[in-house]
Amino acid sequence: MGAMIVDFGVKNEVQTFRICGSKQEIYDLLQECRDNGYKFHDTPNLLHVHRGQWTVVLHFKLPVEAKKND
């Protein structure tokens, strides 16, 4: 079926996503994030929705970019 990913944007240098799908799809996406060096702002909390569907809200701390002097 495939996981559904919703982007809630950035606030205070934290990017927020909600992912919905099977438990294995979400675990695979979490592992891919770790493998690619993404840092979670807080610990992901996987929640069961119904009939094999799960959801998690992910918060990624974004690196602060240096301001350019023009």
Side-chain angles (χ1 to χ4, degrees):
M1 180 176 141
M4 179 177 68
I5 302 171
V6 180
D7 181 353
F8 287 101
V10 177
K11 184 175 181 181
N12 299 326
E13 291 86 36
V14 175
Q15 176 78 47
T16 303
F17 294 96
R18 176 175 292 278
I19 301 173
C20 300
S22 72
K23 194 173 194 177
Q24 189 60 52
E25 288 170 330
I26 293 174
Y27 279 149
D28 290 345
L29 285 167
L30 291 173
Q31 187 59 50
E32 189 171 333
C33 290
R34 288 184 187 102
D35 291 346
N36 286 296
Y38 288 94
K39 303 292 182 196
F40 298 112
H41 181 64
D42 52 12
T43 304
N45 185 20
L46 190 62
L47 300 172
H48 182 249
V49 180
H50 68 92
R51 296 186 180 187
Q53 292 298 301
W54 293 76
T55 188
V56 65
V57 175
L58 298 180
H59 301 272
F60 294 104
K61 186 71 174 170
L62 301 177
V64 177
E65 295 181 9
K67 294 183 179 180
K68 295 181 181 178
N69 292 331
D70 293 31

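Keep in mind the model is a prediction, meaning the values are calculated, not measured. What you see below is based on every heavy atom in this structure, not just the backbone, and it leaves out hydrogens, waters and symmetry mates.
At least one donor-acceptor pair closer than 3.5 Å links the side chain of Glu25 to the backbone N or O of Gly2.
The minimum heavy-atom distance linking His48 with Gln53 is given by the pair CD2-O, 3.6 Å. Here the closest non-hydrogen pair linking Ile5 and Ile19 is CG1-CG1, 4.1 Å. Considering every non-hydrogen atom in both Lys61 and Asn12, the closest pair reads NZ-O, 3.8 Å. Pairing each heavy atom of Trp54 with each of Lys23, the nearest pair is CD1-N, 3.5 Å.
Glu32 is linked by a side chain to side chain donor-acceptor pair (under 3.5 Å) to nothing, counting only residues two or more places apart in sequence or in another chain.
Aromatic rings of Phe40 and Phe60 (six-membered ring for Trp) have centroids within the 6.0 Å cut-off, being under it.
Between the CG atom in Leu58 and the CD atom in Gln15 there is a gap of 10.5 Å [rounded to 0.5 Å]. Leu29 contributes atom CG, which lies 11.0 Å from atom CZ of Arg34 (distance to the nearest 0.5 angstrom). Taking OG1 of Thr55 as the reference point, atom NE2 of His50 lies at 10.5 Å (rounded to 0.5 Å).
Leu46 is connected to Leu30 through a chain of hydrophobic side-chain contacts under 4.5 Å among Ile, Leu, Val, Met, Phe, Trp and Tyr, so both are in one cluster. Taken together through direct or relayed side-chain contacts under 4.5 Å among Ile, Leu, Val, Met, Phe, Trp and Tyr, Tyr27 and Phe17 form part of one hydrophobic cluster.
Counting non-hydrogen atoms of other residues, nucleotides and ligands closer than 6.0 Å to OH of Tyr38 gives a total of 12 or fewer.
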